[in-house]
Structures are given as structure tokens and as C-alpha cells.
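Worksheet: one structure, shown below.
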Amino acid sequence: MTLRISWNEASARRLERQFLANPAERGTPVADIVAAMLGAHAQVLSAAELSVGVRATGVARDEVRGALWEERALVKTYGPRGTVHLLSAAELPLWSSALPAVRSAASPPAPHVRVSEEQAEQILAAIADSLDGACLTLDELGEEVVARTGSWAGDRVMPAFQDLWPRWRQVMHRAGQSGALCFAPDRGRRATYTRPPRFTPLPADEALGELVRRYLRAYGPATPRTFAKWLAAKPGWATELFGRLAEAGAIEEVVFEGAGDWWIAAGDTEFPEERVRGVRLLPYFDAYGIAAQPRESLFPGDAYRRALAGGQAGNYPVLLVDGVVAGVWHQRRRGRRTTVTVEPLGQLSARDERELGEQVNRLGEVLGTAAELVVGKVGVGPHA
């Protein structure tokens, strides 16, 4: 008999496995929390620090930075969707094999800009060689890449932010995804890059299968299309991948909210009976808000209009009430005090208001500041 799953059951399991139903116990390695999230979006590092901190008891931003820059248990690099993430260093053999095997849905650069696959491989090898045992700024890395490949790699032909970038940068995210590059500590106000510790990647098919199973355990039930959206991959490629895994018995189909073609990892059939209650505050581009689907259920009613930017999750920090988005919020730091302005989209109960105050205090602990709650109107633009 096909398993039938409701939104409340799926939501409760996702929140539990994301340490959002109950925070991780004190002493849980930061890298384990990041692994459970399948990476913390880190284009803005402070947002990644909050994503990890709100999932753990007693973890502040300094502990996340220590795991990243000192212990090297975390790596800041290009992860899912080619965007900057914190990943568990122990899982680089998985990520560095699975991500390059993803068939990207991104449009290729214009013909006069793009590089051939042979040229891309030259650039990737040059990046890896240049960063072996070194920490280089972007300009320094570019000089090394051009010296190892040719002047063609340095041609400024890529339109970006009202400027032109050198040709080699179009494969920079691939260098991060394949394990040739990761971020190093900033040098002043400039980012630097290095090469992560050497490791042996998993075979590509094994890595892709494991990534699907990990994704389904964290965010399932899911469809091939939602998996493709999470990775910015071609939907047809994801459908073929799920088909192969289903034939191998690695995943199984379920009925989710009355619809088929939703999948879970084989045998992973336990779901909580009770809906998760309570209030949570999630920062920009938190993994849960980006990966959990369907969006219409996670962002019900007015939340779909207010907390998404053209259907894209992550542009607003969100207020969760009982597992669904019920508002947005914004923080402003001045000295040793952070003001957290929360805009609920409906009436909060007395319990919700009390828990919201506790969540704001927790944000302050993560940030290392005193925190003050203001309930009001948040600015209308993304990142307001």
C-alpha cells in the first residue's frame, strides 16, 4: 500500500531533522548541524552563522567561525546552485563528485564569452595548482590562472555588475564545487582563496544517489522537479535520476497531500503524528525556507506575496509559526545592541508573543549582543 503523508506530518519531520523543532544539544559539532541542513547558504556569512546558531543550544557566531577558519571542520565554497555555502569538510568527497555531475539549467554565456570544455579543464587545473598551499586574492588568482593558461583566459568579456570580468571567472564556481578552490580568511577587506585539504571524491553515480537520499531524508517528500529546483538543475535530468534510483529500490513513491510523484528514501517511512508548534526566526537564505516544498504550503496566503520575491525564497528573513511562514523580520545593529523588527502577517497568540521574545533573545546570544524586539512594519524591499 502506498504511504499517504500530510503536510503537517512532512513539516514536523523536516523541522525535527533540521534541529528547528528542538535545537541540537550543547556540544553537538557545528559541522554535524551544517551537514543536516545540506549546507548553510553563506553569500552573507553572518546569515549562515545565524542559520547554524538558531539550530543549536549555546552556539554563537564565534564558534561557527572557529569551525570554519581554525578547526577547518567547515569549508566555505561554492555549493548547490553554484552559490556560496558552508559545507562539512568531511563531506567534500560527496559534494565534489555530485555537484559537477549535475546537469545545470543555467543558460550558457554568449558565444564570444564562453569557453570550451577543454579550456574549462585548463582553468580548473590552473586554479588548483595556483592555490595549492597558497592564499590568494581574486586579482592574484587571476594573474596565476592567466600565466598558466594564456592571455585568452584574462580577456575581460563577462558582463557583471556594470563591469566586465575576465573570461576565466565563468568556471570559478565549478572550481569550488569540484574541490579545487575554497574561501580562506579575508585579507583586510578582500576575500582570499585557497585549496581545501586533499581528498578522494566518491564515484559520481554513488555520490548522486547519496545526495538524493540525503535530500529526501532532510526535506522529503520531494519530487524530481523540487530536487532540480534546489540544485538549479534541468528537470528532465532529475526525472531520469529519480527513475534510476526507483528502479534500484533506493527511493520509494508516496502520496503527499493527495498527489503522486512525491518520493522518500527507501524505508524512511516514520513521520511524527503531531504538528510542531512554536515560533522560529530564520535568517536570509535559510536552508529550510529554500528547500522545503511545496512553496504554497510553506508560504500560505499573504506569506506567498510578502515573504517571497517573485516566487524566490530567501530574500527575506522569515517568522515561522507552527512550521509555516507567518511574517518577515529585519535586524539592525548599533554598537552592542541589535534591534529585531518583526512584521507578523496575522494575530499572534500570547504564547507566540512570549516565544518570539525568547527567539529574539536567542538571536542576540548568537550575535553576541543584547537584542530588543520591535513588532512593526518591515521595509518593503529584499534585504530591507
Inset, instruction - With sequence neighbours excluded, tell me which residues meet side-chain hydrogen bond (donor to acceptor under 3.5 Å, both in side chains) with Glu63. - result: none
Inset, instruction - Measure the CG-CD1 distance between Leu181 and Ile127 for me, rounded to the nearest 0.5 Å. - result: 6.0 Å
Legend entry - Greater than 12 external heavy atoms within 6.0 Å of Asp186's CG: yes
Legend entry - Glu355 side-chain N/O to Asp352 backbone N/O, donor-acceptor pair under 3.5 Å: no
Legend entry - Face-on cation placement of Arg13 at Phe271 ring, 6.0 Å and 45° thresholds: yes
Legend entry - Exercise: do Thr341 and Arg332 side chains pair donor with acceptor under 3.5 Å: no
Inset, instruction - Report yes or no: do Thr369 and Thr338 form a side-chain donor-acceptor pair below 3.5 Å? - result: yes
Inset, instruction - Evaluate the side chain to side chain donor-acceptor pair (under 3.5 Å) criterion for residues Asp286 and Ser51: first the C-alpha distance (whole Å), next the side-chain angles of each, then the deciding distance (0.1 Å), finally the verdict. - result: CA-CA 6 Å; Asp286 186 84; Ser51 281; 2.8 Å; yes
Legend entry - In one Ile/Leu/Val/Met/Phe/Trp/Tyr side-chain cluster, 4.5 Å: Val378, Tyr316: yes
Legend entry - Lys76 bridged to Glu49 by N-O distance under 4.0 Å: no
Inset, instruction - Count the heavy atoms of every other residue, nucleotide or ligand shown that sit under 6.0 Å from CZ of Arg333, and state whether that count exceeds 12. - result: yes
Legend entry - Expected output: side-chain Trp329 to main-chain Val318 donor-acceptor under 3.5 Å: yes
Legend entry - Approximate separation, where rounding is to 0.5 Å, of Glu144 CD and Leu131 CG: 9.0 Å
Inset, instruction - Might you confirm whether atom CZ of Arg4 has over 12 heavy atoms from other residues, nucleotides or ligands at distances under 6.0 Å? - result: no
Legend entry - Backbone of Gln122 reached by a side-chain donor or acceptor of Arg148 within 3.5 Å: no
Legend entry - Pair Arg306 + Glu343, salt bridge at N-O below 4.0 Å: yes
Inset, instruction - Report yes or no: is the cationic atom of Arg65 (NZ for Lys, CZ for Arg) closer than 6.0 Å to the six-membered ring centre of Trp69, at no more than 45° off its axis? - result: no
Sequence neighbours excluded and cut-off under 3.5 Å, please list the side-chain donor-acceptor pairs for residues 237-247, or say none.
unit_1, atom_1, unit_2, atom_2, d
Thr239, OG1, Pro235, O, 3.0

Legend entry - Closest non-hydrogen atom pair, Ala313 against Leu308: CA-CD2, 3.5 Å
Legend entry - Whether Arg55 side chain and Gln18 backbone form a donor-acceptor pair below 3.5 Å: yes
Inset, instruction - Taking Ser97 for its side chain and Leu94 for its backbone only, find out whether a donor-acceptor pair lies under 3.5 Å. - result: no
Legend entry - Check: Gly79 main-chain N/O paired with Gln177 side-chain donor or acceptor under 3.5 Å: yes
Inset, instruction - Return the orientation label for the Phe299 and Tyr304 ring planes: parallel under 30°, perpendicular over 60°, tilted otherwise. - result: perpendicular
Inset, instruction - Could you tell me whether Phe285 and His41 have their ring centroids closer than 6.0 angstrom? - result: yes
Inset, instruction - Can you measure from CG (Asn8) to CG (Asp322) and round to the nearest 0.5 angstrom? - result: 9.0 Å
Legend entry - Side chain Arg114, main chain Pro109, donor-acceptor under 3.5 Å: yes
Legend entry - Flag, side chain of His85 to backbone of Thr83, donor-acceptor distance under 3.5 Å: yes
Legend entry - Asp268 atom CG, over 12 foreign heavy atoms within 6.0 Å: yes
Legend entry - Thr192 (side chain) donor-acceptor with Pro185 (main chain) under 3.5 angstrom: yes
Legend entry - Centroid-centroid under 6.0 Å between Tyr215 and Phe227 rings: yes
Legend entry - Spacing of CD belonging to Glu353 relative to CG belonging to Leu373, to within rounding of 0.5 Å: 9.0 Å
Legend entry - Side chain Arg277, main chain Gly323, donor-acceptor under 3.5 Å: no
Inset, instruction - Might you confirm whether atom CD of Glu273 has over 12 heavy atoms from other residues, nucleotides or ligands at distances under 6.0 Å? - result: no
Inset, instruction - Tell me, yes or no, whether the heavy-atom count around Arg225 atom CZ, taken from other residues, nucleotides or ligands under 6.0 Å, exceeds 12. - result: no
